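Per chain, numbering begins at 1; letters A, B, ... match sequence-line order. Quick caveat: nothing in here was measured; it's all calculated off a predicted structure.
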Amino acid sequence: MTPDRLDQISRIYHEALSRSEHERDAFLSEACGADQLLRQEIESLLKHDEEAGDSLKLPGSLLLPTGSIS
Amino acid sequence: MEGKSGASHRATGLLRAWGDGDQAALQELIPLVHDELRRLARRHMGRERAGQTLQPTALVNEAYLRLADLREMRWQDRAHFVAMAARLMRRVLVDIARSKGYQKRGRRPRQVSLDPALAASGAPEEDVVALDEALTKLAALSPRRAQVIELKFFGGLSLEETAEALKVSPETVKRDWRLSRAWLHKELATNRQP
């Protein structure tokens with residue numbers, strides 16, 4: 001992936017998020033055109049957005065490593 | 001009242017100078033803050049039993065309270081301090097994880113993971129080293145988006161403070177956060193596969 005590609009993904013991704021699930025499919029078809037990889041990437045991110053939910057919500061806390069592991 | 005140490009006095013002056021645009025002051029400040037964070041993290045780890053949680057944002061805040069003389073600080077100083085300390089905090093945590101013998105890949109301990117509430121919520125566990133690697137990858141693509149995660153995750157800055165520290169609009173921070181979060185989640189999930 002390149003920085004430009006990520007920017008392109010970001011634009012379409014946020015646009016897709018602002019649409020209802022019902023509209024998304026048609027929107028992605030139009031926005032991604034024949035670029036199937038782009039569409040896959042965005043669909044995957046949308047899926048992960050749902051899964052991540054607030055799981056990276058802040059403030060984060062870290063479980064301490066045990067001393068016994070080496 | 002606990003008297004302010006010499007390090008604190010020095011840090012306060014450096015923080016002010018840096019805020020006024022003195023980049024040399026920043027170079028002097030970084031090792032002071034790094035040492036303080038490492039000391040706090042190690043002390044915390046020595047005190048707590050394994051399996052308990054360590055909050056990076058709390059340590060960054062504690063370092064600020066210890067190093068900065070609040071009477072002399074301006075409101076912008078905290079955002080600037082945290083912007084720098086968040087990166088150092090990330091490094092300290094990775095160093096600690098690695099010093100415990102954790103390698104880059106393959107020997108990822110489940111013990112170094114995010115809050116157990118994540119596991120309870122069904123979300124996959126993440127660890128410091130994996131998160132660090134994913135963030136480095138994201139930074140190569142988009143330094144700003146990686147910084148948003150760093151500031152919010154390791155520094156605990158609010159949306160507005162993050163926007164202030166990065167000199168972008170809160171709306172940009174919000175969008176960066178949402179995309180980066182999904183991107184990291186995807187990256188960590190992919191890497192987790194053996």
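- In plain terms, the two heavy atoms of A:P3 and B:A140 that are nearest each other are CG-O, 4.4 Å.
- One distance of note links CG of B:L188 with NE2 of A:H48; it measures 10.0 Å at 0.5 Å rounding.
- Judged as a side chain to side chain donor-acceptor pair (under 3.5 Å), the pairs with a partner in residues 12-22 of chain B (not counting sequence neighbours) are, in order, B:D20-B:R74.
- Among A:D7, A:I9, A:L6, the single residue meeting the side-chain contact (heavy atoms from CB on, under 4.5 Å) criterion with B:L141 is A:L6.
- Proximity to chain B is limited to the side chain of A:L17, based on heavy atoms less than 4.5 angstrom apart.
- Between the side chain of B:H185 and the backbone N or O of A:D49 there is no donor-acceptor pair closer than 3.5 Å.
- Using a 4.5 Å cut-off between heavy atoms, A:S10 touches chain B through backbone and side chain atoms alike.
- Contact of A:D4 with chain B is not made at all, since no heavy-atom distance falls under 4.5 Å.
- Two residues are said to be in side-chain contact when any heavy atoms from C-beta on lie closer than 4.5 Å; A:Y13 and B:R178 meet this criterion.
- The stretch residues 23-39 of chain A places none of its residues near chain B, where near means some heavy atom under 4.5 Å from a heavy atom of that chain.
- Contacts of A:E41 classified as side chain to side chain donor-acceptor pair (under 3.5 Å), with partners at least two apart in sequence or in another chain: B:K186.
- Residues meeting the salt bridge (charged side-chain N to carboxylate O under 4.0 Å, His left out) test with A:R19, sequence neighbours left out: A:E15.
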